[in-house]
Q: 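Questions regarding the structure given below will be posed in turn.
Below, chain A is the first sequence line, B the second, and so on; all start at residue 1.
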There are 2 protein chains.
Amino acid sequence: MSQSDTVHRILDAAEVLFAERGFTETSLRTITSTAGVNLAAVNYHFGSKKELIQAVFERFLTPFTDILNRELNRRGGASEPLQLDDLLQSLYRVALAGLASQGRDPKRFMRLLGLAYTQSQGHLRRFIVSRYGDSYRRFAGQLAAALPHVDPVTFYWRLYFMLGATVFSLSSFDAIEAILREDFGAESSLEETLARLAPAAVAMLTAPMPGESAGDNH
Amino acid sequence: MSQSDTVHRILDAAEVLFAERGFTETSLRTITSTAGVNLAAVNYHFGSKKELIQAVFERFLTPFTDILNRELNRRGGASEPLQLDDLLQSLYRVALAGLASQGRDPKRFMRLLGLAYTQSQGHLRRFIVSRYGDSYRRFAGQLAAALPHVDPVTFYWRLYFMLGATVFSLSSFDAIEAILREDFGAESSLEETLARLAPAAVAMLTAPMPGESAGDNH
DNA sequence: GTCTATAAGCGGATAGAC
DNA sequence: GTCTATCCGCTTATAGAC
């Protein structure tokens, strides 16, 4: 068994198990036995459990941000700011097709992202911010430029609303899909769900401000 | 120290620590030493760590659903279905004022709810569904009735989008608020954030369907 | 009800043989 | 690079004195 083989097996097993149970709830013993490698291999190849967690995220996030940046460059050739629809399309298309084409499950990606936010792993948050913060800020900036009439603070709150809606619903995709299938007999694909999510996100980002026309209830 | 005093001290400490770190990351030793009680007291009064977790949620959710049900009864006196704005106002007002008046921090409540979803605690999910599932379905049903033109599957996906936006942004409220304060010098209160969240949720729930008028991009 | 003491086990990590 | 064996800290939970 070559080195990279062992490394890959560990990463594959860790990715699945972390997404299913969380970081603290997944022991190195479970990971190594699932991967069919020796317990000591994790510390040999990665140094520690924390560094293994970071490696799992790096394998997801580096291709993701690379593809997203290329997509933004391609579309950003024109001088004027991108349209909202285009930006969200880029984001969701990349998250879906870009990752899927590399054999990475987009739902698992979202579950891991959600865990990165909710599980209190300070080292992981720092790792992600320092490594991918620029890409995030670039995308947020372009999104803000497409919404010039929304004040910055409201914009950022809405961005977090959108992030929450996306991460939460996609990371629980299988569970929600199962409920809806049982209650309505309707199967939902990931594509359909993103096709529902995109207009919902647009509606939220472009909602009328407190002072504006519509929504002037009773 | 009376019995109920010890029980309260344990619940108070557990609530704060769980919300800060999660369940697995919080040991009974940390809880009992923070509460200033003996380690064995948890198992004596609650039986196990799992039952303590459930007790923490029961103390939050029982008053919450009680107040919400009363509110829905009060408003539902009229024969016609409630308006969307009214329903969301009820929900957010109850979550905020209702809990705050009982000394329960709404942000902590949201963090715990988020953890209940993301941390893989099967027993907790089962406990919440069996205990509070009816209240949830009642609220969802009234919300659906206020949106007769949205097909059921789309409605439920949007409900989860809304849930995700709410839980995610409120459970990370302090962190997001700190970022915005640093970047824009603007402080955000919880009330202001809910005042931003409500119209965003309405916009998402009432967004045009794929076939409808607006949003017909290029 | 509250305490001490301890059981029994799992966790991450490493030393050292191969 | 891979393995075994082991260290040691920390976990939940309980038995039994007070």
Q: Assess whether salt bridge (charged side-chain N to carboxylate O under 4.0 Å, His left out) is satisfied between A/Arg59 and A/Glu15, documenting all intermediate values.
A: CA-CA 10 Å; A/Arg59 196 168 61 147; A/Glu15 179 179 305; 2.9 Å; yes
Q: How far apart are the C-alpha atoms of B/Trp157 and A/Ser188, what are their side-chain angles, what is the distance that settles it, and do they pass the side-chain hydrogen bond (donor to acceptor under 3.5 Å, both in side chains) test?
A: CA-CA 10 Å; B/Trp157 274 111; A/Ser188 308; 3.2 Å; yes
Q: Using ring pair (Phe, Tyr, Trp, His ring centres under 6.0 Å) as the criterion, point out the one residue from A/Phe161, A/Tyr117, A/Tyr160 that pairs with B/Phe168.
A: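 When A/Phe161, A/Tyr117, A/Tyr160 are each tested with B/Phe168, the ring pair (Phe, Tyr, Trp, His ring centres under 6.0 Å) holds only for A/Tyr117.
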Q: Can you tell if the side chain of A/Leu28 reaches within under 4.5 Å of the side chain of A/Ile31, non-hydrogen atoms only?
A: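 With C-beta onward as the side chain, the pair touches.
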Q: Summarise how protein sits on nucleotides 4-18 of chain C as a single string, 5' to 3': B when a protein heavy atom is under 4.0 Å from the base, S for sugar-phosphate-only contact, - for no contact.
A: B------BBBB----
Q: Check whether any side-chain nitrogen or oxygen of A/Thr6 sits under 4.0 Å from OP1 or OP2 of D/dT2, and answer yes or no.
A: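 For A/Thr6, the contact criterion (side-chain N or O under 4.0 Å from OP1 or OP2 of D/dT2) is met.
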Q: Atom CZ of A/Phe46 and atom P of D/dG1: how far apart are they, to the nearest Å?
A: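 The distance from CZ of A/Phe46 to P of D/dG1 comes to 12 Å, rounded to the nearest Å.
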Q: Testing B/Phe23, B/Phe109, B/Phe57 one by one against B/Phe18 for a ring pair (Phe, Tyr, Trp, His ring centres under 6.0 Å), which residue passes?
A: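 Single pass found, and it is B/Phe23.
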